[in-house]
Amino acid sequence: MSEILNKKELLMPLVSALQLASNSIVITNLEGTIQWANNAFTKLSGYTLEEIVGSSMRILKSGRQAPSYYEDLWSTISSGKVWRGELINQRKDGSHYYEEMSITPIVDENGEITHYIAIKQDITARKNAEEALNETLRRLEEQYQAVEKARSETRAIMDATSEALLLVSTDHKFMWVNSAFEHFFALKEEEIIGLGFTEMLPHFQRVFQHPIGLEDLFAKAYRNGGNDYRETVIQNWPLKRELEIYLTLVKNFLNESLGVLYVFRDVTHEREVERLKSEFVSLVSHELRTPLTSIVGYVDMMLDGDVGDLGETQIDCLQVVKRNSDRLKKLVNDLLDVSRIEAGAVKLNWETIDVNELIGEVVNDLRTQLESKKQVVASNLGSKKSIISGDVGRLTQVFTNIISNANKYTPIGGTVTITSRQEGNRIRVDVQDTGIGISEEDRKKLFTKFFRSQDSEAHNTSGTGLGLWISKSLVEMHGGNISFTSVQDKGSIFTIHLPLEQKPILKPRKVNLAHALITTRG
Ligand code: ADP
C-alpha cells in the first residue's frame, strides 16, 4: 500500500479524488491552522478555500461543547492517536451543524507529526431527527404523567364518594367499580371486572330482596336516550338498606358511548326520616281535624241564629273566628292530602265525567269569591261534551284550586278566562288571568310543596302553598299533566291536559249545566 502511495504519478489522481470526495476533508498544521480543504468542506462550512486556508480550526467552533471536550481531542491527536467523535460546528452564516469525524495525525519519515487530517461526515439530519424523536418521547412521557395523575385523582375522588359506582360497558361487561361499590355489595373489584350480568346474577339474587333486573335497567337507560333514570330497591345482604339506583349514559369526549354508570345511593336514613315526618304530619292533622270540625260547626250554628239572636259585634267576631277556622281547616286538609299522596294512599273514585260541566259547577261555587273582587269570568268551554274518566271530588279540588288562584292573584276588576278544547285524545283546559303573573325566579319553584311567592301582592293573600303541588299530583294520577306560562304584571295561563275517555261512554254523571258565559261584575 505505502509503495503505491509513494509513487509520484498516483499523487495527482489521489488529490483530485480527495477534492471530490463526499466527506469533507481538512488538513491542518500542528497548531490547527487550515492548510487545505476539499469541496465538500467548503460547501458545508460556507467558506471559500481562500477564506479558510490559513485560518484556525477554531473559526468553526459553535461554543456548544465544553472546553474539556476539545482538550481531550487535542491531547489524543498530539500524542499520535486517532480521535473519533462528534462536533457541533458553526457555518460562516452562523448556523450550526453536526459532524462525525476522525482526526488522524500525519507523521513524516522520522515519526514526527507534521499535520492532522480530519475526515468528516455531516450528520445534522440524523441528529435533528434524533432530537425531534427525543422531544416527542419527552412530551409523551409528560402527557402520560398528566393522564396518570388525572386518573389517580379521579380514582381518589370516586373512592371518596359515599355512592357505590359501577360502570358497565356497551357490551354489558362490568368495567369499573369504586370502593363504595365493593363495600356495599361485599365484592372485590378484581373478582368482577370483565364479568357480565349473567355471571353476577347469583350474587345479586342474594343481595337484593326482590331479584332486580339490573340488565333490564341497563336497557332502559339506553331506551331513555341517555336521560337519567331512577329506581328504588331494597337490599337484603350484607346489610338491609334502601338503595336508590340512578343510571346515566357515559360518553367520552368524542361523544362515543362508554356504557352506563350505575349509581347506588343509600337512602335508608333519608326515607325513614321522610316516613316519620309524614306520619307525624298525618297524625297531627287527623287530631286537629276533629276539634276543628266541631268549632266550625258550632260557629256556623251560631251565625245561622240556631242558638239565639246575636248582636252586630258578636256576628263580626264570629265571622273572624269562622274565616280563620276555615283557613285552618284548609291547611289541615291540604296537609292530610299531601301525606296521603306521598304514602300512595289516595284512591281515585273513577266515574265518567263531563269536564266542561264540572268546571261550570266550580265557577258557580266560587261565584261569591269572584264577585268580591268584581272579576269577569269568561268561559269558552267548547260545544262538544268532554267526557273523561276521573274522580269528581279530586278534579273539582284541582279546578277549584286553579280558578281560585286566578282569582286570588288577580287584582279587583280583572278577567279570568276559562277555555277548553279537544287536542288529539286529550282535553285541554286553559285558565287565564290578568293578574300579577309569576317572576322568572318563582317559576322554577312553582310546583314545590309550601312554595308561596315572596312578591308582596301574592304574599298578602291567604294560602298554604300546597294547592299546586296537590293539583299536579292529582292530575298526574289521572294520566294528565299541568303546565303554565306567565308574564310578570300581565297574568298567567295554567293549562291542564286530561286524557279523554277511550272506552264507550256509559251514563254521564247528572250535574247542573253551568252558564257558558258567567259575568259576575258587580
Ligand atoms: P296558595 O295559593 O295556597 O299559596 P298554591 O300552591 O295554589 O298555594 O300556589 C303557590 C303559589 O304560586 C302562590 O302562593 C302564588 O305565589 C303562586 N301562584 C299560583 N297561582 C298563581 C296565579 N294564577 N298567578 C300568580 N301567582 C300564582
Side-chain angles (χ1 to χ4, degrees), residues 281 285 288 292 323-342 346 359 362-363 365-366 368-370 372-380 393-420 428-478 480-497 520:
V281 170
S285 316
L288 280 174
L292 207 54
R323 247 196 332 274
N324 284 299
S325 344
D326 281 343
R327 277 175 71 174
L328 206 53
K329 203 167 100 186
K330 167 106 176 67
L331 174 65
V332 168
N333 284 337
D334 281 358
L335 284 174
L336 267 175
D337 273 345
V338 169
S339 53
R340 278 197 205 113
I341 292 170
E342 281 181 339
V346 173
I359 294 170
V362 170
V363 174
D365 290 345
L366 290 172
T368 324
Q369 188 179 322
L370 290 157
S372 71
K373 287 182 88 174
K374 301 184 171 43
Q375 286 167 349
V376 176
V377 178
S379 326
N380 182 3
R394 290 307 189 177
L395 287 180
T396 304
Q397 185 179 351
V398 169
F399 285 108
T400 305
N401 175 243
I402 302 298
I403 300 169
S404 163
N405 276 351
N407 156 261
K408 284 198 302 190
Y409 304 111
T410 299
I412 293 173
T415 306
V416 178
T417 311
I418 308 168
T419 45
S420 77
R428 170 189 173 138
V429 181
D430 289 303
V431 178
Q432 179 169 14
D433 63 53
T434 55
I436 57 172
I438 299 154
S439 71
E440 207 180 319
E441 202 195 327
D442 285 351
R443 277 175 224 162
K444 290 177 224 133
K445 310 177 212 146
L446 205 71
F447 287 103
T448 47
K449 270 182 282 178
F450 296 107
F451 170 74
R452 303 210 66 217
S453 171
Q454 289 309 301
D455 183 306
S456 61
E457 267 180 272
H459 212 65
N460 288 337
T461 325
S462 74
T464 61
L466 292 170
L468 283 181
W469 186 89
I470 295 171
S471 298
K472 184 172 190 289
S473 308
L474 293 174
V475 169
E476 284 169 2
M477 284 165 73
H478 280 83
N481 65 354
I482 181 164
S483 57
F484 69 96
T485 53
S486 187
V487 180
Q488 203 166 7
D489 301 324
K490 288 263 177 339
S492 315
I493 306 174
F494 280 80
T495 303
I496 296 173
H497 278 103
T520 59

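In listed order, ligands and their atoms are each counted from 1. None of the values given here were measured: they were computed from a predicted structure.
- In terms of protein heavy-atom proximity, atom 13 (C) of ligand 1 is closest to Y409 OH, 3.3 Å.
- Taking atom 3 (O) of ligand 1 as the reference point, the nearest protein heavy-atom neighbour is T464 N, 2.9 Å.
- For ligand 1, none of its N or O atoms has an N or O atom of G463 under 3.5 Å away.
- Residue-ligand proximity, K408 to ligand 1, at heavy-atom distances under 4.0 Å covers atoms 1 (P), 2 (O), 3 (O).
- The shortest N/O to N/O separation between G465 and ligand 1 falls below 3.5 Å.
- Residue contacts with ligand 1 leave out G435, since none of its heavy atoms falls under 4.0 Å from the ligand.
- A salt bridge is defined here as a Lys NZ or Arg NE, NH1 or NH2 lying under 4.0 Å from an Asp or Glu carboxylate O, and D337 with R340 meets this definition.
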Side-chain polar contacts of residues 399-406 - donor-acceptor pairs under 3.5 angstrom, sequence neighbours left out - could you list them?
unit_1	atom_1	unit_2	atom_2	d
T400	OG1	T396	O	2.5
N401	OD1	S471	OG	3.0
S404	OG	Q369	NE2	3.2

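- Considering only non-hydrogen protein atoms, atom 26 (N) of ligand 1 sits nearest to I438 CG1, 3.5 Å.
- Which parts of ligand 1 touch G437 is read off a 4.0 Å heavy-atom cut-off, strictly below it: atoms 25 (C).
- Ring geometry for F447 versus F484: interplanar angle of 30 to 60°, hence tilted.
- In this structure a side-chain-to-backbone donor-acceptor pair under 3.5 Å is missing from Q375 to V416.
- Under a 3.5 Å cut-off, the side chain of K373 and the backbone N or O of N407 do form a donor-acceptor pair.
- Distances below 4.0 Å separate heavy atoms of L468 from the following atoms of ligand 1: 5 (P), 6 (O), 7 (O), 9 (O), 12 (O), 19 (C).
- Ligand 1 places these atoms under 4.0 Å from at least one heavy atom of L466: 6 (O), 8 (O).
- By the criterion of a heavy-atom distance under 4.0 Å, the side chain of N401, and not its backbone, is placed next to ligand 1.
- Looking at D433 against ligand 1, only its side chain comes within 4.0 Å, counting heavy atoms.
- The salt bridge (Lys or Arg N to Asp or Glu O under 4.0 Å) check on D334 picks up K330, with sequence neighbours excluded.
- The heavy atom nearest to atom 11 (C) of ligand 1, out of those in F447, F450, F451, is found in F451.
- A donor-acceptor distance shorter than 3.5 angstrom exists from the side chain of T434 to the backbone of T415, with no hydrogens or angles considered.
- By the 4.0 Å N-to-carboxylate-O rule, K445 lies close enough to E441 to be salt-bridged with it.
- Residue R452 holds its CZ atom at 7.5 Å from OG1 of T464, rounded to the nearest 0.5 Å.
- A donor-acceptor pair under 3.5 Å is formed between the side chain of R443 and the backbone N or O of I438.
- Under a 4.0 Å criterion applied to the non-hydrogen atoms of S453, ligand 1 contributes the atoms 14 (O), 16 (O).
- Residue contact check: L446 has heavy atoms under 4.0 Å from atoms 12 (O), 17 (C) of ligand 1.
- For atom 7 (O) of ligand 1, the closest non-hydrogen atom of the protein is N405 ND2, 2.8 Å.
- The backbone N or O of S492 lies less than 3.5 Å from a partner atom in the side chain of D433, making a donor-acceptor pair.
- Scanning the protein for heavy atoms near atom 4 (O) of ligand 1, the closest one is R452 NE, 2.6 Å.
- Which parts of ligand 1 touch S492 is read off a 4.0 Å heavy-atom cut-off, strictly below it: atoms 24 (N).
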